[in-house]
Amino acid sequence: MVYRYLFKHFSASFLSIFITLFLISSIIILFQITKFTSYIELSLYDLFKLYSLMGVKLILFTFPISFLLACGISCLNLSKENELIMLFSLGYSPKIISKFFCYLSFIVSFILLLITLIFIPISFSLYDNFLDYKKAFSKINLKTHGYGQKIGNLIYLTNSEENGIYKYITIYKAKSKEEDEQIIFAKSAKIIAQDNSISLKLNDVTQYIFQNTLYINKIANLDFNTQVSKQNTDIQNVLEYWKDYKNPSKSKELIIYSILSLLPLCAFKYVLSFSIISSRYEKSFLYPALFIFFMLYFSLALVLSKFHIYTIISIFLIFSTLSYFFFKNKIISKY
């Protein structure tokens, strides 16, 4: 009954805080994504896809902070209305409140850790691959004008384009050490991605190769390498992504996302220490206390970042102990 009562107040506060933070963060992310449109062509669907892939990162940054703020605000409101004092006077211990938020924070931290270790590598890999794919295609985005377009040592000429199909395309390839000079005519062409390169699928092809004599080839279908490549950022599995966790950039990712995931579990008692008050005699210092906690939490993580996994374990143990100390001395000893 007490758990249901606490959850009702907590969920109301959490939803309003989380939605607000998520929307603000979404606007910032959307501004970052729209910067890509200055050099690659993105449709509304592409923008939505990139935003969805960044949604995992948004959850990791907004969910833990929303959880702690909701925990503090809901208990603070109950304290101001003297409802928590009434619970204590009926014989309930503050430990029952601590136990409720302990269960809740454990579930939240466990889910966030799963997101960090499994979904972050997947979403980041898909995000990088998608951007790389779009960048590669933007290099071979053929223009349908009469002056031609030079990409590398190739010159392209096409009459029109409809639904990704180019009509009556001409390709001129200058002579090089490896290959002879040639001109290729095709009735239609389509850009396709093959392994790590971008190719043109040509149909009804006539190929003129200039050697000592002129050679003419008639080909029904031809895959023509545009010499535009795309990076291969695919990963085989999640373990491979985290295999080089000692790499500075990868280590920073692992530490930041892991300590964010563990934040609800190691800080909820600290939050309760400043939100359970006797409103008639005490003032709440919840927000300054939270600010100081966050500053120390992330600053120490940066200082100890060179120790990789040991940093995560140390941060969790230090601040869990600190939270327990505050809760025991400020709340348990009093109520």
Side-chain angles (χ1 to χ4, degrees), residues 1-22 56 58-120 257-277 284 286-287 289-290 293-294 297 301 312-335:
M1 182 180 174
V2 175
Y3 286 177
R4 190 183 305 165
Y5 175 75
L6 290 171
F7 184 76
K8 179 183 175 182
H9 285 81
F10 168 79
S11 58
S13 298
F14 175 79
L15 284 174
S16 60
I17 295 168
F18 177 71
I19 291 170
T20 303
L21 286 179
F22 194 85
V56 177
L58 283 179
I59 289 171
L60 276 176
F61 277 97
T62 56
F63 209 96
I65 295 171
S66 301
F67 178 89
L68 292 177
L69 283 173
C71 171
I73 290 171
S74 58
C75 288
L76 188 60
N77 288 337
L78 291 173
S79 294
K80 288 179 178 178
E81 294 169 4
N82 295 317
E83 294 187 35
L84 289 184
I85 302 299
M86 184 184 69
L87 279 177
F88 301 151
S89 64
L90 290 173
Y92 289 102
S93 168
K95 289 181 180 179
I96 196 170
I97 300 172
S98 173
K99 192 179 289 185
F100 166 75
F101 283 107
C102 182
Y103 292 146
L104 208 56
S105 60
F106 177 81
I107 294 168
V108 168
S109 289
F110 179 75
I111 293 171
L112 291 176
L113 273 177
L114 286 180
I115 291 173
T116 294
L117 298 175
I118 298 173
F119 293 103
I120 279 289
Y257 297 137
S258 295
I259 64 172
L260 275 169
S261 302
L262 293 169
L263 184 59
L265 190 58
C266 71
F268 76 93
K269 285 187 177 179
Y270 178 85
V271 173
L272 293 177
S273 302
F274 291 91
S275 54
I276 298 176
I277 60 170
S284 171
L286 174 64
Y287 300 113
L290 268 178
F293 187 93
F294 290 152
Y297 190 75
I312 300 167
I313 297 170
S314 301
I315 293 292
F316 178 74
L317 291 176
I318 290 169
F319 285 91
S320 294
T321 305
L322 181 70
S323 295
Y324 175 77
F325 173 81
F326 271 93
F327 187 72
K328 184 180 179 182
N329 286 277
K330 279 181 64 62
I331 306 301
I332 298 296
S333 61
K334 189 185 298 182
Y335 299 104

Mind checking the [atom1]-[atom2] spacing from [X] to [Y]? Nearest 0.5 Å is all I need.
| X | Y | atom1 | atom2 | answer |
| --- | --- | --- | --- | --- |
| Leu263 | Leu60 | CG | CG | 11.5 Å |
| Leu262 | Phe110 | CG | CZ | 12.0 Å |
| Ser284 | Ile276 | OG | CD1 | 11.0 Å |
| Phe106 | Leu265 | CZ | CG | 7.5 Å |
| Ser16 | Ile73 | OG | CD1 | 7.0 Å |
| Ser66 | Leu69 | OG | CG | 6.5 Å |

* To do: Taking ring-ring contact (aromatic ring centres under 6.0 Å, His included) as the test, write out the residues that go with Phe119, two or more places apart.
  => none

* Residues in ring-ring contact (aromatic ring centres under 6.0 Å, His included) contact with Phe10, at least two apart in sequence or another chain -> Phe14, Phe67, Phe101

Kindly give the heavy-atom pair with the smallest separation between [X] and [Y], and that separation in Å.
| X | Y | answer |
| --- | --- | --- |
| Pro264 | Leu68 | CA-CD2, 4.0 Å |
| Leu58 | Thr62 | O-OG1, 2.7 Å |
| Ser323 | Ala267 | OG-CA, 3.7 Å |
| Val271 | Cys71 | CG1-SG, 4.0 Å |
| Leu76 | Ile277 | CD1-CD1, 3.8 Å |

Could you list the residues that satisfy side chain to side chain contact (heavy atoms under 4.5 Å, CB included) with [X], not counting sequence neighbours?
| X | result |
| --- | --- |
| Asn82 | Ile85, Ser279 |
| Ser320 | Cys266, Phe316 |
| Ile59 | Phe22, Phe63, Leu112, Ile115 |
| Ile315 | Ile259, Tyr297, Leu300, Ala301, Leu304, Thr311, Phe319 |

Check whether any side-chain heavy atom of [X] sits under 4.5 Å from a side-chain heavy atom of [Y], and report yes or no.
| X | Y | result |
| --- | --- | --- |
| Phe294 | Leu290 | yes |
| Ile331 | Leu272 | no |
| His9 | Leu78 | yes |
| Phe268 | Cys102 | yes |

* Can you tell me which residue pairs pass the side-chain hydrogen bond (donor to acceptor under 3.5 Å, both in side chains) test with a partner in residues 96-111, sequence neighbours excluded? => none

* Asked: Do any pairs count as a side-chain hydrogen bond (donor to acceptor under 3.5 Å, both in side chains) and have a residue in residues 257-271, sequence neighbours left out, and if so which ones?
  -> Thr116-Ser261

* Determine whether more than 12 heavy atoms belonging to other residues, nucleotides or ligands lie under 6.0 Å from atom OH of Tyr3. => yes

